[in-house]
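Treat the numbers as computed from the prediction; the structure is a model and nothing was measured. Because only heavy atoms are used, hydrogens play no part in the values below, and waters and symmetry mates are left out as well, while side chains stay in.
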Amino acid sequence: MITTDPTPGAPCWLDLGAPDVPAAAAFYGAVLGWEYEAMGGEGEGEEMEGGMFKKDGKTVAGLGKLSEEGARSAWMIYYTVTDADATTQAVEGAGGTVRVPPRDLGDWGRMAQYTDPSGGQFAAWQPGQDVGFELADESGSLSWTELYTSDAAAARQFYGSVFGWQFSDMEMPGGGGTYTIITPAGKTEDRMQGGLMQLGKEDLSLADGRAYWHPVFAVDDCDAAVAAVTGNGGSVQMGPVDAEGVGRLAVCLDRSKADFVVLTPSPQS
């Protein structure tokens, strides 16, 4: 499962672009018990607004002001790479596009952002002094990543080419279709980190028919988390429901319609 070690192709960071930073900080504080720590000093300008989310003193995610014109509020998931420039070449060679070219962030590391051929946005992180989040796979932190796409076969080909990911299919209960499990290159399935699922474009209305990634956050009590979502201005797209062998989960939207999942894992998962 997701760990904080810098395994190439594994998720290592995520951040949220929100139109209202204080409102987003308050929302996730109420839902996930996160503390928000603003970065930067006064007078740096509104475009610098942002900071870090922490859980029990450990960094779990970032938050920044949504500044891209026409962009929807959404979570961006970053994957560890050994060479951001080589990853950029691989993205372009596989038919993706570059949203943000590789750039150095001081001594912390080097980042880049991309769009896959079906519209899914994701990012790469080449670690320097900072390898990413400090907490994962525990309550109140990232426990899974998930891609919704209208072309699962194309997604497998693209991400397999870019990251070397390994894929395995499983049939969802009740004839719900095929779910594809993602594991980093060279790792066994006990290190699986995410999944992808094919949906019709009509079911991808949140991103106007384009593919999109979203994070899954572990919680102690899915129903309590959902109550916090709706009680703090968010909404629920699906659930809470029990998924055999996985746990109890719900697909949620925050106040600005950024999507995420809350999951209380089953004991055996």
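Residues forming a side chain to side chain contact (heavy atoms under 4.5 Å, CB included) with E69 (at least two apart in sequence, or on another chain): none. Checked against salt bridge (Lys or Arg N to Asp or Glu O under 4.0 Å), D223 has the following partners two or more places apart in sequence or in another chain: R248.
There is no side-chain donor-acceptor pair under 3.5 Å between D116 and S118. Between the side chains of Q126 and T82, no donor-acceptor pair of N or O atoms lies under 3.5 Å. Looking at D169 and T180, their side chains do bring a donor and an acceptor atom within 3.5 Å of each other.
Ring orientation note: the planes of Y28 and W34 are close to parallel, at an angle under 30° on the 30°/60° scale. Relative ring orientation between Y159 and F163 is described as parallel, the plane-to-plane angle staying below 30° on a 0-90° scale split at 30° and 60°. Relative ring orientation between F217 and W75 is described as perpendicular, the plane-to-plane angle rising above 60° on a 0-90° scale split at 30° and 60°.
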Query raised in the report: Do V219 and L32 pass the side chain to side chain contact (heavy atoms under 4.5 Å, CB included) test, and can you show the C-alpha distance, the side-chain angles, and the key distance before you say yes or no?
Result: CA-CA 7 Å; V219 294; L32 297 173; 3.7 Å; yes
Report task. Go through the steps to decide whether T178 and E171 satisfy the test side chain to side chain donor-acceptor pair (under 3.5 Å), and finish with yes or no. Result -> CA-CA 5 Å; T178 301; E171 292 303 313; 2.8 Å; yes
Requested in this report: Tell me, with the steps shown, if T59 and W13 meet side chain to side chain contact (heavy atoms under 4.5 Å, CB included).
Outcome: CA-CA 10 Å; T59 305; W13 183 246; 3.5 Å; yes
Report task. Could you walk me through whether V251 and Y148 pass the side chain to side chain contact (heavy atoms under 4.5 Å, CB included) test, one step at a time? Result -> CA-CA 12 Å; V251 182; Y148 287 168; 4.2 Å; yes
Query raised in the report: Does the side chain to side chain contact (heavy atoms under 4.5 Å, CB included) test come out yes or no for V131 and C12, once each step is laid out?
Result: CA-CA 7 Å; V131 298; C12 61; over 6 Å; no
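In this structure, R156 CZ and I182 CD1 are separated by 9.5 Å, a value rounded to the nearest 0.5 Å. Here the NE2-CD1 distance, from H214 to I77, works out to 8.0 Å after rounding to the nearest 0.5 Å.
Residue-environment remark: CG (D83) exceeds the threshold of 12 foreign heavy atoms within 6.0 Å.
The residues E68 and R99 are annotated as salt-bridged, a charged nitrogen and a carboxylate oxygen being separated by less than 4.0 angstrom. The pair D85-R110 meets the salt-bridge criterion, with a side-chain N (NZ, NE, NH1 or NH2) lying under 4.0 Å from an Asp/Glu carboxylate O.
Proximity of a side-chain donor or acceptor of T230 to a complementary backbone N or O of S235 within less than 3.5 Å is not detected. Checking side-chain atoms of Q198 against main-chain N and O of T149 turns up no donor-acceptor pair under 3.5 Å.
Looking at W165, W213, Y114 one by one, the single match for ring pair (Phe, Tyr, Trp, His ring centres under 6.0 Å) with F122 turns out to be Y114.
Annotation for L196 and A155: closest pair CD2-CB, 4.3 Å, computed over non-hydrogen atoms.
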